[in-house]
Amino acid sequence: MQTLERGALHAAPLLLGATLSVARSGQLVTVRITEVEAYEGERDPGSHAYRGQTARNATMFGPAGHLYCYFTYGMHWCANIVCGTPGTSSAVLLRAGEVTAGVDAAVGRRGALPGPKLASGPARLAQALGLGAGDDGTVLLSGPAPSVTEGVPLPDGVWLSGVRSRRRPGTLTGPRTGVSGAGGSGEFPWRFWHPGEPSVSPYRAAAARRRPGTVQS
DNA sequence: AAACTGATCTTCT
DNA sequence: GAAGATCAGTTTG
């Protein structure tokens, strides 16, 4: 995937609107990506790879087009798409998405009701897709997932489809979320989203303000 | 609506 | 031994 090899900062806005499908045990969940963050390896204080390669982040240093999944806060998994060329550590964190297929399976895994929050947030997104232990390093297959047909077993796999070739006009950027220290400052506005997506937190925050005409106490 | 807190454990210093 | 690319529930204003 040419686009991914050019690095996370290049690829991140192009992944908005793309779909990621995960099939396992005959269950298929597809998410349309709505919010991402770029992490650019050893020059990026916010990246897991800032202090070099370790056992945990080894996948980031491999070739583009693989999943980098990591465990954090003692209970959550998050998923990245590895970018760049081998030897560099570049990845795009998937921060939010809209579940477009397999809502029932996603709801079951999340233990939550369907809605904008089903895959909003990196850990929620990973959980909705069923990504976790054992998925780090998984290769991404190109194109849409095979369609589910009666009597034909669905092979396990992860598919990435619909990566843009040009950034969509109006794409918004901002500081990364949850990144402390220098990596979180405005020096790295490497978070990308499209306006008007209910699964993206800035939209929720804006929409949550007092509605026009509402009287405040 | 914002702020705070508990949960829970791997990873690296 | 401390911090962490988080989330959900509760408390406070």
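No hydrogens, no waters, no symmetry mates; every other heavy atom, side chains included, goes into these values.
Side-chain proximity of R110(A) to the nucleotides dA5(C), dA8(C), dT6(C) is greatest for dA8(C). Considering only side-chain atoms of H76(A), the nucleotide from dC12(B), dC9(B), dC7(C) that sits closest is dC7(C). Of the candidates dT10(B), dC12(B), dT6(C), dT6(C) carries the atom nearest the R95(A) side chain, counting heavy atoms from C-beta on. For N80(A), taking side-chain heavy atoms from C-beta onward, the closest of the listed nucleotides dT10(B), dT6(C), dA5(C) is dA5(C). Distances from the side chain of R124(A) to the nucleotides dT8(B), dA8(C), dT6(C) place dA8(C) closest.
As rounded to whole Å, 19 Å separates atom P of dA7(B) from atom CD of Q127(A). Atom CZ of R176(A) and atom P of dG4(C) are 14 Å apart (whole Å). Between the CG atom of L93(A) and the C1' atom of dT6(C) there is a distance of 11 Å, rounded to whole Å. Atom-to-atom, CZ of R51(A) to P of dG4(C) comes out at 11 Å; the value is rounded to the nearest Å. As a whole-Å value, the separation of Y73(A) OH from dT5(B) P is 16 Å. In this structure, L125(A) atom CG and dT6(C) atom C1' are separated by 13 Å, rounded to whole Å. The distance from atom NE2 of H48(A) to atom P of dA5(C) is 4 Å, rounded to the nearest whole Å. Across the protein-nucleic acid pair, E35(A) atom CD and dT6(C) atom C1' stand 13 Å apart, rounded to whole Å.
Between S199(A) and S120(A), the side chains place no donor N or O within less than 3.5 Å of an acceptor N or O (distance only, hydrogens not considered).
In this structure dT8(B) sits in no base pair that meets the Watson-Crick or G-U test at under 3.5 Å. Pairing for dA5(C) is absent, judged as Watson-Crick or G-U wobble with the two contacts each under 3.5 Å.
For dA5(C), the OP1/OP2 oxygens have no side-chain nitrogen or oxygen of R191(A) closer than 4.0 Å.
In this structure, R167(A) is not positioned above the aromatic face of F192(A) in the sense of NZ or CZ being under 6.0 Å from the six-membered ring centre and within 45° of the axis.
Ring planes of H48(A) and Y68(A): perpendicular class, angle over 60° (limits at 30 and 60°).
Under 3.5 Å, the side chain of Y70(A) and the base of dA5(C) form at least one donor-acceptor pair of N or O atoms.
The local environment of OH in Y50(A) is sparse, with at most 12 non-hydrogen atoms from other residues, nucleotides or ligands closer than 6.0 Å.
Taking a centre distance below 5.5 Å and an interplanar angle below 30 degrees as the stacking criterion, Y39(A) stacks against the six-membered base ring of dA5(C).
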* Begin from the C-alpha positions of R168(A) and L16(A) and carry the test side chain to side chain contact (heavy atoms under 4.5 Å, CB included) through to its verdict. => CA-CA 8 Å; R168(A) 191 175 100 179; L16(A) 294 173; over 6 Å; no
